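Data first, discussion second: the structure below is written as structure tokens.
Predicted model only: the values in this text are computed from it and were never measured. Below, read A as the first sequence line, B as the second, and so on, with proteins coming before strands; counting in each chain starts at 1. Just so it is clear, the values below take in all heavy atoms, side chains as well, and ignore hydrogens, waters and symmetry mates.
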Number of protein chains: 2
Amino acid sequence: MKIPQVKGTRDFYPAEMAVRNRIVDGWKRVSQRNGFEEYDGPIFERLEMYQIKSGDEIVDQLFSLKDRGGRNLAIRPEITPTLARMVNQRINSLPRPIKWFSVPRLCRAERPQKGRLREFFQWNIDIIGVDDIRADADVIFTTVDYLRDIGLTANDIVVKISSRRMLAAVLKEIGVPQGSLDSLYAVLDKMNKLPDETFEKMLDELLRDSEMVSKVRTFMGLENIQQIEGMFGRQEAFNELVRLMELLNSMGIGDYYRFDQGIVRGLAYYTGIVFEIYDKASELRAICGGGRYDNLLKDFGGPAISATGMGMGDCVLEILLKEKGLLDIPELEKGLDYFIARVPTVVPFEDHRTPLSVAVQLAAEIRKTDRRVDVSYRLTGSGEPPSLGRQLKEAAARNTEKCIIIGDEFREGKLVVKDMASGEQDMVGYDVFLTDLAGESE
Amino acid sequence: MKIPQVKGTRDFYPAEMAVRNRIVDGWKRVSQRNGFEEYDGPIFERLEMYQIKSGDEIVDQLFSLKDRGGRNLAIRPEITPTLARMVNQRINSLPRPIKWFSVPRLCRAERPQKGRLREFFQWNIDIIGVDDIRADADVIFTTVDYLRDIGLTANDIVVKISSRRMLAAVLKEIGVPQGSLDSLYAVLDKMNKLPDETFEKMLDELLRDSEMVSKVRTFMGLENIQQIEGMFGRQEAFNELVRLMELLNSMGIGDYYRFDQGIVRGLAYYTGIVFEIYDKASELRAICGGGRYDNLLKDFGGPAISATGMGMGDCVLEILLKEKGLLDIPELEKGLDYFIARVPTVVPFEDHRTPLSVAVQLAAEIRKTDRRVDVSYRLTGSGEPPSLGRQLKEAAARNTEKCIIIGDEFREGKLVVKDMASGEQDMVGYDVFLTDLAGESE
């Protein structure tokens, strides 16, 4: 009975798994060097948890299920609600700042399309309990630190930065009623994605005041913070943005970012700096996005504690890295360090050991030093190993660095070690070989 | 609104996550050094896939859900069906042997109890396409190689080995009808777990022949393979078992295993060598189990290709490692390599840089060498950093190895580097410090 794979999911054969590990291991390593600690939660949570932050519309995008007690659960479509739950549960005992990262597997019941799958991995970093712009700077730096580490330069990507807080202050000054703000954010977020006409029509319908619409459009059209300063003066949110940029410059990533009023982030829950990172050359969706969200813990029944964070999925990133040739690296095809071959014609040694028993013992010894080792499983019809040539071919097919040959030389305790790239052969004593190997590992 | 966590699942706060990573990273590393390549599949598959190998009873243990098209899906309770599907999909193009491992997250809707949770991680290794006992030896060796690597000795654990193939041959000789074999395996598997009386009663009910029952009990009571040889002669399955043991001895793990007729494995699908590993001292369930299953690919619509493998969950293992004190290691509490402190009284330097801008720049530079670095976020009411003493306290609380202090010495380009364990302080030039660090990383 042949059963197909579920649509919108991926099978990770070794080649695809190597790519996934390359991405996820980099996320982990760069998070750690930036002082973040790893956390994770369960793959499912109570369904209602996902409605708190993202509203009822998220329910359509959930894979929901019931437990035996009939409770509604859902496979996690994002990890931030889990983060909020976990932090709230131990809010009094967790040392601050809470500087955590996670690389969860997430599922959304969306229609699969380019860069968007039903199952994906997402890097999340969050700093909770720091009200200062320095935390936002560190979130942006850590994100760029990763993208730079994997090979993307300031010519490849751009961090577009804006401030929800400044936008809110300006919209208030323009006269937009408080009650319209959340819907307005969702519309403004689409500015760069919609035809000009459609965007204007949506603004008209929402605000129903042509003067207000015109002011909003003028503001959204400002291209740098000097223009904003000219029109609205140095507000607190403005100074914060300037300080953020100074920090990013000190950190050495001044050429990676630019101010962009069009970055709004659709969700209601952002309250300060917001940013998204884009590929400069292509039409891909944002590589990642994030910002400050000061009310999340409170929304989940906890205290009012400020927080800022970022989320980056693996799908768009992988497309971009492939386009740039940044996944064509030898590391991903790393095969074996050693392949042990046996000369098939050799009869058992004086101590009754066979070339096979020597080979499996040697493999076990080498593995103690964490080298990747294997011995051919192939047998001829008569139960003998295949010819040495065929064994060397198998070693080459498995991307082996060195081949160790057990032959008649072993009667004098010697191994033949062949470098698979250069073809050079050396003869080394069994014990000397193992001693040298252990020395190299230290 | 406070929402509780789902029963039987775990939250991985950084301390628990460090333990999980310690276990999972070891699984990965030891798999790789034994020549296995990593694969993974989706978190859910078509529901019917799980009935093929494990029958209808598994459906009660599944978390099932529907996709938008109304198809029945289930969160994976094991990964072997996914493995069979993936291998069958590419059976003609995959190079053999297929020697793969995976460390999937799995879910079962069971009643949570000690060593058994609704969500867990499981190490799986499989060798597909090798009909020789050497593949079984490599599966057992790799498993022991991991357990030994994490610190368990032959005094702590025992590999109990048996042969389904030999059992089948003997049961046939005794006269057990072919049709009763699968049910009989399930009963024999419970031998060591049930009171003697109950076991005998179950055998009586199944076989309804007291002579046959007596023969089965005698065979199951045999304690070593010499006794079996005496009673049933050197059958092919017997020779295979002897050869397995010789290989394990050559590999240096002769003191870890013993023959145990009581190891049957309940599932119908095993066809050759079977094994389970137990903690010698405690009453824990098996740490892991595995064996040869030659018909699995065929059952999933593929060709008849032999295979052998092992699965080890993280729950029982973690309990055992905790009991043995093998998780009390400093690595798990690794904090920061460097914490950068600023002397709060220092005024901006001649080039207008502040101690903070120097600190964040230095942190960014150090991170390029993959060291874990952070700078305090704390501020006093007036926006200044807290006292040096408080910053050093924060560094200690975060398990920092070395603290770098930016003070008046920086006017001459010097950093103060304090070893947190010894308390010793050194003065080093900024550039020299970075050059030395880059040198150490090479």
Side-chain angles (χ1 to χ4, degrees), chain A residues 1-3 5-6 9-14 17 29 32-35 37-46 48-49 52 63-65 67-68 73 85-86 95 97 105 107 109 119 130 132 134-135 141 145 247 250-252 300-301 336 357 360-361 364 367 370-374 377 379 397, chain B residues 1-3 5-6 9-14 17 29 32-35 37-46 48-49 52 63-65 67-68 73 85-86 95 97 105 107 109 119 130 132 134-135 141 145 247 250-252 300-301 336 357 360-361 364 367 370-374 377 379 397:
Chain A
M1 175 142 129
K2 238 176 186 143
I3 295 174
Q5 143 189 44
V6 180
T9 64
R10 284 173 289 181
D11 287 335
F12 295 90
Y13 288 86
M17 193 71 212
R29 185 170 41 78
Q32 283 164 346
R33 76 186 187 191
N34 279 277
E37 292 182 288
E38 190 173 359
Y39 75 98
D40 190 15
I43 191 76
F44 44 62
E45 296 271 4
R46 300 286 186 93
E48 60 260 42
M49 233 174 73
I52 295 176
F63 284 104
S64 55
L65 55 150
D67 73 1
R68 286 178 144 187
L73 309 178
R85 177 179 64 67
M86 284 173 63
R105 181 194 287 263
C107 295
E119 186 189 39
V130 179
D132 191 62
R134 273 198 48 224
F141 175 78
D145 196 25
L247 281 166
S250 290
M251 290 165 148
F300 280 85
L336 299 171
S357 68
V360 297
Q361 182 183 352
R367 283 165 183 154
D370 270 335
R371 263 83 166 188
R372 304 178 181 195
V373 196
D374 224 336
Y377 292 111
L379 296 173
Chain B
M1 174 141 130
K2 237 177 188 140
I3 294 174
Q5 144 189 43
V6 180
T9 65
R10 285 174 287 180
D11 287 336
F12 295 91
Y13 287 87
M17 194 69 211
R29 185 169 43 78
Q32 284 165 344
R33 76 187 187 192
N34 279 277
E37 292 183 288
E38 190 172 0
Y39 76 97
D40 191 14
I43 192 77
F44 44 63
E45 296 270 5
R46 300 286 187 93
E48 61 262 43
M49 232 173 74
I52 296 176
F63 284 104
S64 55
L65 55 149
D67 73 1
R68 285 178 147 187
L73 309 178
R85 178 179 63 68
M86 285 174 61
R105 182 194 288 262
C107 295
E119 187 190 39
V130 179
D132 191 64
R134 273 196 47 222
F141 175 78
D145 196 25
L247 281 165
S250 290
M251 290 167 146
F300 280 85
L336 299 171
S357 67
V360 298
Q361 182 184 353
R367 284 167 183 151
D370 269 336
R371 264 83 167 188
R372 304 179 180 195
V373 196
D374 225 337
Y377 292 111
L379 296 172

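For the atom pair CG (B:Leu73) and CD (B:Glu48), the distance works out to 9.0 Å, reported to the nearest 0.5 Å.
Per-residue heavy-atom pair counts under 4.5 Å with chain A were compared for B:Ile43, B:Asp132, B:Asp145, B:Asp67, and the maximum is reached by B:Ile43. Most heavy-atom pairs under 4.5 Å with chain A, from the set B:Val130, B:Val360, B:Asp40: that is B:Asp40. If you tally non-hydrogen atom pairs under 4.5 Å between each of B:Cys107, B:Gly35, B:Pro42 and chain A, the highest count goes to B:Pro42. Contact count against chain A (heavy-atom pairs under 4.5 Å) is highest for B:Arg367 among B:Arg367, B:Met17, B:Arg372, B:Arg46. For the set A:Val6, A:Leu379, A:Asn34, the count of heavy-atom pairs under 4.5 angstrom toward chain B peaks at A:Asn34. Among the candidates B:Gln32, B:Arg29, B:Met251, the residue making the largest number of heavy-atom pairs closer than 4.5 Å to chain A is B:Gln32.
Heavy-atom distances place both the backbone and the side chain of A:Tyr13 under 4.5 Å from chain B. At a 4.5 Å heavy-atom cutoff, the contact between B:Asp370 and chain A is made by backbone and side-chain atoms alike. For B:Arg371, the part sitting under 4.5 Å from any heavy atom of chain A is the backbone (N, CA, C, O) and nothing else. Using a 4.5 Å cut-off between heavy atoms, B:Pro95 makes no contact with chain A at all. Interface residue B:Tyr377: backbone and side-chain heavy atoms are both found under 4.5 Å from chain A. Using a 4.5 Å cut-off between heavy atoms, B:Ser357 contacts chain A through both its backbone and its side chain.
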Candidate pair A:Asp11 and B:Arg85, rule side chain to side chain contact (heavy atoms under 4.5 Å, CB included), full reasoning: CA-CA 10 Å; A:Asp11 287 335; B:Arg85 178 179 63 68; 2.8 Å; yes

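No side-chain heavy atom of A:Phe12 sits under 4.5 Å from any side-chain heavy atom of B:Met86.
At a threshold of 4.0 Å, the pair A:Glu119-A:Arg105 counts as salt-bridged, since one of the basic side-chain nitrogens sits closer than that to a carboxylate oxygen.
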